[in-house]
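Working notes, beginning with the structure itself.
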There are 2 protein chains.
Amino acid sequence: MKITSRFTVAVHTLLAIHILGQQYKMTSELIASSVNVNPVIIRRTLQSLKAAGFVEVKAGSGGATLAKPLGEITLYDVYRAVDCVEGELFHFHENPNPDCPVGKNIHALLDKHLADAQLAMEQSLRSVTLADLAVEYSSIQ
Amino acid sequence: MKITSRFTVAVHTLLAIHILGQQYKMTSELIASSVNVNPVIIRRTLQSLKAAGFVEVKAGSGGATLAKPLGEITLYDVYRAVDCVEGELFHFHENPNPDCPVGKNIHALLDKHLADAQLAMEQSLRSVTLADLAVEYSSIQ
DNA sequence: TAAATTGTAATGTCAATAGTTACAATTAAA
DNA sequence: TTTAATTGTAACTATTGACATTACAATTTA
């Protein structure tokens, strides 16, 4: 099991728009060639990012631009925008036996700990903004 | 995307063996009726837990028993035993374009942050032992 | 009007999860 | 030593989600 690459594709897309956007018109085609996926994948990604208010996309004439400062977009925001994980990260077996003392209580016992683990992961994503990545990019170049 | 229910099934299984094991012979059939899945699912779970050294399973005569104190088994250990996540939690798009300055560097930029997030989740799982759950169970009863 | 591009539906492929049937091998008890 | 219960495991199916791809109407600008 892995969290879908829609997430890393979306981060890549936003960074590409930021970094290459001054020089090029950022069409789905161009972004797709940087990410190395089908342009339709990028168009769908852009729709998600647009719905979240992170980009604007021009139909017809083409090109995506940032609609929000990168410092106000965290990795968590992107993760939410592309809907990597619907609700709970951990899949709980559906119908533990309510007539068994263990089955009856397993949810009460586990739910909090699983939520804690998910929250820890998500907090970690919240601590990084795309502006941080842009700075790191500059220092590599 | 969700982390497979093999994980919660395995935790349920271990707790059931601990709690019901003094009173009943813990066959795959009995555990399956508590978890409410097919007994074969439990047999496969037990094989994973056995490989990790957490249980012993008697072929023929039947029944599973704990092979390690619950205080020495964390949620993380169970998570590893049933192989929920093979290596990386986040799926990275495979072949970013090395001829693009963004594609060339996206791994260097993101890998550490993704690993941090995964680690945060796993550390959280490490902080809970099955003995903790058993204590919580007692306090509910 | 022509050219480029987006938005989106439809379809296909692949892998993983989960469920199920089946049965040989094992063990303990009658 | 037979019988009954159970495990261990292979084989198969169904379902779902990810990702890829084709196609084309709608949009925009030149």
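Convention: sequence-line order gives letters A, B, ...; per-chain numbering from 1.
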Between C1' of dA18(D) and NE2 of H91(B), the distance in whole Å:
9 Å
Would you say R126(A) and Q123(A) are linked by a side-chain donor-acceptor pair, where the criterion is simply a distance under 3.5 Å?
yes
Can you check the N38(A) CG to dA18(D) P distance for me, whole Å?
17 Å
Check every strand shown and say whether V57(A) touches a base, only sugar-phosphate, or nothing at a heavy-atom separation below 4.0 Å.
sugar-phosphate
Using five base pairs at each end to define the local axes, how bent is the helix from dT1(C)-dA30(D) to dA30(C)-dT1(D), to the nearest 10°?
10°
Specify the separation, in whole Å, of atom CD1 of I41(A) and atom P of dT21(D).
8 Å
Assert: residue with more 5' nearest nucleotide on DNA chain C, out of D83(B) and S61(B), is D83(B)
Describe the nucleic acid contact of G60(A) in one word from base, sugar-phosphate, nothing, applying a heavy-atom distance below 4.0 Å.
base
Decide yes or no, distance alone: a donor-acceptor N/O pair under 3.5 angstrom between the base of dT21(D) and the side-chain of R43(A).
no
Would you indicate whether the side-chain heavy atoms of L46(A) and I17(A) approach each other to under 4.5 Å?
yes
Neighbour count >12 (heavy atoms, 6.0 Å) for atom NZ, K2(B)
yes
Output yes when a side-chain donor or acceptor of K25(A) lies under 3.5 Å from a complementary backbone atom of S61(A), and no otherwise.
yes
Atom CE of M26(B) to atom C1' of dA5(D): distance rounded to whole Å?
16 Å
With a 3.5 Å cut-off and no angle check, do the side chains of S5(B) and H93(A) form a donor-acceptor pair?
no
Within this structure, what is the CZ-to-C1' distance between R44(B) and dC12(D), rounded to whole angstrom?
11 Å
Bounds of contact between DNA chain C and chain A, in 5' to 3' order, using a heavy-atom cut-off under 4.0 Å
dA4(C) to dA18(C)
What's the separation between atom CD1 in I140(B) and atom CG in N105(A), rounded to the nearest 0.5 Å?
5.0 Å
Under 4.0 angstrom, heavy atoms only, what part of the nucleic acid is K50(B) near: base, sugar-phosphate, or nothing?
sugar-phosphate
